[in-house]
Amino acid sequence: MEFPIVKPKGIKQISSFMPNSLMISSSSDLNYISKLHIRESIKNISFLMSNLYAVKGEVSNYCLVGPFIGAPYAIILFETLVASGAKFIIMIGWCGSICDEVKIGDIIVPSKAIIDEGTSIHYGCQLNEMVDCSNTASNSLKKMMRKKEINFIDCPIWTTDAIYRETPSKIEYFKKKGAKAVDMETSAFFSSARHHNVDIGCVLIVSDELSSLKWNPGFQNNKFVESRKLVCDALYDYMINGFSD
């Protein structure tokens, strides 16, 4: 097995805030969650092209990281967190529905992701392979959401690099493979986490629909806005209680 020449460098100033982290793809969701921390000590650190909030809480310390878009950059952040000592990571993002039964504002906790992005290939995976989530993190996340009576869908999703190449034939192809939604990061997170033996769970809010083979954006939809707030509030409680369900 060959080792990479360029290795991620851990950030010493955040090592004491490990092993738990929350990665947040949307800048608006990141800002919302960071502002919930009014009783905790929180420090904002510039982190590549993103922000990292180091949180010192009563129960545990942890990091909030984001925003990011696409598998390559998301995994650069992920690798840096792992090099800094991260072992348990939750990711919150948005996704598009590709089936009739999944609607704007629905919440998905994906059990598997189908690889249609290039980053996973460098972690021992194959294109169109179905890669599993980390059961420990995902099951903890699901248990927490059930306890809070938050409805969610447990299903495979399709992860692509090319948001503007989600063609009708591709949508039909990945639907037949079992995917119900599409995003740009999840399969890479699952692949990289497996490679590093790190626990990761993902929660996605449906922002738009492609199931009719016409784009139906729902970014201003009330249910989408409400679901984002619901998930962010739940994850805040989850974090301040030590990432415990």
Exercise. Would you say the side chain of F224 lies within less than 4.5 Å of the side chain of I205, judging by non-hydrogen atoms?
Worked result: yes
For this session: Would you mind reporting whether V225 and K229 have side-chain heavy atoms less than 4.5 Å apart?
Result: no
Problem set entry | Nearest atoms (heavy-atom pairs only) where S26 meets S28 | OG-OG, 2.8 Å
Problem set entry | Criterion side-chain contact (heavy atoms from CB on, under 4.5 Å) on I115 and Q126, from CA distance to verdict | CA-CA 7 Å; I115 298 167; Q126 302 294 321; over 6 Å; no
For this session: Answer yes when E117 and R165 have at least one side-chain N-carboxylate O distance shorter than 4.0 Å, and no when they do not.
Result: no
Exercise. Is there a path of hydrophobic side-chain contacts, each under 4.5 Å between heavy atoms of I, L, V, M, F, W or Y residues, that connects I33 with V203?
Worked result: yes
Exercise. Roughly how far apart are I24 CD1 and M91 CE, rounded to 0.5 Å?
Worked result: 11.0 Å
Exercise. Taking the side chain as C-beta and beyond, is there a heavy-atom pair between C133 and N135 under 4.5 Å?
Worked result: yes
Exercise. Between D237 and K148, does at least one N-O distance fall below 4.0 Å, as a salt bridge requires?
Worked result: yes
Problem set entry | Those residues that, when tested against D199, pass side-chain contact (heavy atoms from CB on, under 4.5 Å) (two or more places apart) | F88, S134, T136, A137
Problem set entry | Heavy atoms of other groups near K223 NZ, more than 12 under 6.0 Å | yes
Exercise. side-chain contact (heavy atoms from CB on, under 4.5 Å) between D154 and K142: does it pass, once the steps are laid out?
Worked result: CA-CA 9 Å; D154 179 350; K142 292 173 186 175; 2.7 Å; yes
Exercise. How would you list all residue pairs meeting salt bridge (charged side-chain N to carboxylate O under 4.0 Å, His left out) that involve residues 202-218, not counting sequence neighbours?
Worked result: none
Exercise. Under a 4.5 Å cut-off applied to non-hydrogen side-chain atoms, are D116 and K170 in contact?
Worked result: yes
Seminar exercise, completed: Between L52 and L81, the two heavy atoms sitting closest are CD1-CD2, 4.2 Å
For this session: Taking the side chain as every heavy atom from C-beta outward, state whether V6 and P4 have any atom pair closer than 4.5 Å.
Result: no
Exercise. Among all residues two or more places apart in sequence or in another chain, which pass the ring pair (Phe, Tyr, Trp, His ring centres under 6.0 Å) test with Y238?
Worked result: F243
Exercise. Do V109 and M145 have side chains that get closer than 4.5 Å, going by heavy atoms?
Worked result: yes
Exercise. With hydrophobic residues grouped by side-chain heavy-atom distances under 4.5 Å, do F219 and L204 end up in a single group?
Worked result: no
Problem set entry | side-chain contact (heavy atoms from CB on, under 4.5 Å) against H196, all qualifying residues, sequence neighbours excluded | F78, E79, V82, Y123, V198
For this session: Heavy atoms only: give me the nearest S84-I11 pair and the separation to one decimal.
Result: OG-N, 2.8 Å
For this session: Kindly give the heavy-atom pair with the smallest separation between S50 and P67, and that separation in Å.
Result: OG-O, 2.6 Å
Problem set entry | Atom pair CD1/NZ of I14 and K43 - distance to nearest 0.5 Å | 11.0 Å
For this session: Can you establish whether the number of heavy atoms outside K175 located under 6.0 Å from its atom NZ is more than 12?
Result: yes
Exercise. Can you get from V231 to V65 by hopping between Ile, Leu, Val, Met, Phe, Trp and Tyr side chains that sit under 4.5 Å apart?
Worked result: no
For this session: Nearest 0.5 Å please: distance from the CG atom of L141 over to the CG atom of L235.
Result: 6.5 Å
Seminar exercise, completed: When every non-hydrogen atom of A54 is compared with those of I45, the smallest separation belongs to CB-CD1, 4.3 Å
For this session: Taking the side chain as every heavy atom from C-beta outward, state whether E172 and L213 have any pair of such atoms under 4.5 Å apart.
Result: yes
Exercise. When clusters are formed by joining ILVMFWY residues with side-chain heavy atoms under 4.5 Å apart, either directly or through shared neighbours, do I153 and I92 land in the same one?
Worked result: no
Problem set entry | Side-chain donor or acceptor of S207 paired with backbone N/O of C95 under 3.5 Å | yes
For this session: Assess the pair H37 and Y236: is the distance between their ring centroids shorter than 6.0 Å?
Result: yes
Problem set entry | Residue pairs passing the side chain to side chain donor-acceptor pair (under 3.5 Å) test where at least one lies in residues 85-103, sequence neighbours excluded | D29-W94, D100-S211
For this session: Might you work through the side-chain contact (heavy atoms from CB on, under 4.5 Å) test for V206 and I108, ending with a clear yes or no?
Result: CA-CA 8 Å; V206 178; I108 295 177; 4.0 Å; yes
Exercise. Pick from T159, I114, V182: which one makes a side chain to side chain contact (heavy atoms under 4.5 Å, CB included) with F174?
Worked result: I114
Exercise. What are the two closest non-hydrogen atoms of M23 and A74, and how far apart are they?
Worked result: CE-O, 3.8 Å
Problem set entry | Euclidean distance, F17 CZ relative to I42 CD1, rounded to 0.5 Å | 10.0 Å
Exercise. For the atom pair CG (L77) and CD (E185), what is the distance rounded to the nearest 0.5 Å?
Worked result: 10.5 Å
Exercise. Does the side chain of E166 come within less than 4.5 Å of T160's, by heavy atoms?
Worked result: yes
Exercise. Where the side chain of S120 meets the backbone of C125, is there a donor-acceptor pair that is under 3.5 Å apart?
Worked result: no
Problem set entry | Pairwise distance CD1(I150) to OG(S227) - rounded to 0.5 angstrom | 9.5 Å
Exercise. Under a 4.5 Å side-chain heavy-atom rule over Ile, Leu, Val, Met, Phe, Trp and Tyr, are I104 and M184 clustered together?
Worked result: no
For this session: Test side-chain contact (heavy atoms from CB on, under 4.5 Å) on M239 and L64 and set out the steps.
Result: CA-CA 10 Å; M239 290 182 296; L64 313 175; 3.5 Å; yes
For this session: Kindly write out the residues that satisfy ring pair (Phe, Tyr, Trp, His ring centres under 6.0 Å) with F68, not counting sequence neighbours, or none if the list is empty.
Result: F189
Exercise. For P168, does its backbone N or O pair with a side-chain atom of Y173 as donor and acceptor, under 3.5 Å?
Worked result: no
For this session: May I ask you to check whether T186 and D183 show a side-chain donor-acceptor distance below 3.5 Å?
Result: yes
